[in-house]
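Heads up, the thing below is written out as structure tokens.
Predicted model only: the values in this text are computed from it and were never measured. What you see below is based on every heavy atom in this structure, not just the backbone, and it leaves out hydrogens, waters and symmetry mates.
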Amino acid sequence: MTDVRAALTGLVRSARHELLSFDDPAGALGRGVPEPFLEFADACVRRAAERTPAVRRIAPRHGLTHLRAPWKCPGAARVTDSIPFKMVVADRTVAAVPLDLELHYNGVLMIRDPVVVETLVRIHRTWWDTGDDLTPPTRAGEVPAPAPAHVQPDHLQPVLQALVAGLTDEAAAARLGMSSRTYSRRVGELLAALGTTSRFRAGAEAARRGWL
């Protein structure tokens, strides 16, 4: 635990301009993570928010409902249906990702490769653009209400129909009159909007939201 704390402390302290994160504040509940580590992680981000101009945190909305108290979030925050993994990125130069993708307590991988870090930043940006602003509590001690489901972006409707029809990317791109690269990018937008990385689950989620 000492090595993890040192790595995360150094990462957060290095941020001078921006700190991005995927965070599930309730993800460690019932997982055997010591309370001191939870307090350390929370304090670490708060100190960063005091001296870093841009702090953007993304959390799964379902996770917030399991907290005993409202999520007090320094900086800017948005909620999505899910997060792909936990992550912290400082100044778009170095990132920390849990070895098990879920809990920093179990060990972290420090990533400095510029291509990989830029990929993580782009993933964060996609989730951020499709997320909802965190609704503030209306009364002291009240947990924020879940934000409404996203309205389907009109330009993604043909992509959704092609996905549900089971067309290959090549066939779908040809039918829609776009390049394979553009189609793949829009599939990524659609999956992000639905809060999943699975094409199979995307169809089920779209149906649940009434998009089909």
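- No chain of hydrophobic side-chain contacts below 4.5 Å, direct or via other Ile, Leu, Val, Met, Phe, Trp or Tyr residues, connects Leu163 to Leu167.
- Within the model, atoms CD of Glu118 and CZ of Arg122 stand 5.0 Å from one another, a figure rounded to the nearest 0.5 Å.
- Ionic pairing of Asp23 and Lys86 is present here: one or more N-O contacts between side-chain nitrogen and carboxylate oxygen are shorter than 4.0 angstrom.
- Taken to the nearest 0.5 Å, the CZ atom of Arg175 stands 10.0 Å off from the OG1 atom of Thr168.
- With Thr182 contributing its side chain and Met178 its backbone, the two residues share no donor-acceptor pair below 3.5 Å.
- The closest side-chain heavy-atom distance from Val97 to Val108 is not below 4.5 Å.
- The backbone N or O of Leu20 lies less than 3.5 Å from no partner atom in the side chain of His124, so there is not a single donor-acceptor pair.
- Proximity of Leu194 to Trp211: side-chain heavy atoms (C-beta onward) are separated by under 4.5 Å at one or more points.
- Side-chain contact between Ile58 and Thr80: present, with at least one pair of heavy atoms (C-beta onward) separated by less than 4.5 Å.
- Heavy-atom contacts from other residues, nucleotides or ligands closer than 6.0 Å to CZ of Arg13 number 12 or fewer.
- Counting all heavy atoms, side chain and backbone alike, Ala15 lies closest to Ala90 at CB-CB, 4.0 Å.
- When side chains are defined from C-beta on, Val94 does not count as touching Val117, because their heavy atoms never get closer than 4.5 Å.
- The shortest side-chain heavy-atom distance between Leu19 and Arg56 does not fall under the 4.5 Å cut-off.
- Atom CD in Glu189 sits 11.5 Å away from atom OG in Ser184 (nearest 0.5 Å).
- Between the Thr52 side chain and the Val55 main chain, no donor and acceptor come within less than 3.5 Å of each other.
- His155 contributes atom NE2, which lies 9.0 Å from atom CG of Leu190 (distance to the nearest 0.5 angstrom).
- With rounding to the nearest 0.5 Å, the separation of OG in Ser21 from CE in Met87 is 7.5 Å.
- For the residue pair Leu11 and Met110, the shortest heavy atom distance occurs at CB-CE, 4.1 Å.
- Once rounded to the nearest 0.5 Å, the distance linking CZ of Arg78 with CG of Asp129 reads 7.0 Å.
- Under a 4.0 Å N-O distance rule, the pair Glu18/Arg92 qualifies as a salt bridge.
- Looking at heavy atoms from C-beta onward, Leu120 lies in side-chain contact with Ile111 at the 4.5 angstrom threshold.
- Taking the six-membered ring where tryptophan is involved, the planes of Phe22 and Trp127 are perpendicular, since the angle between them exceeds 60° and thus also 30°.
- Taking 4.5 Å as the limit, every side-chain heavy atom of Asn106 sits out of range of all side-chain heavy atoms of Leu99.
- Heavy-atom minimum distance, Trp128 versus Ala77: CH2-N, 3.9 Å.
- In this structure the side chain of Ile83 reaches within 4.5 angstrom of the side chain of Pro60, judged on heavy atoms.
- Panel note: side chain Asp91, backbone Thr93; no donor-acceptor pair is recorded below 3.5 Å.
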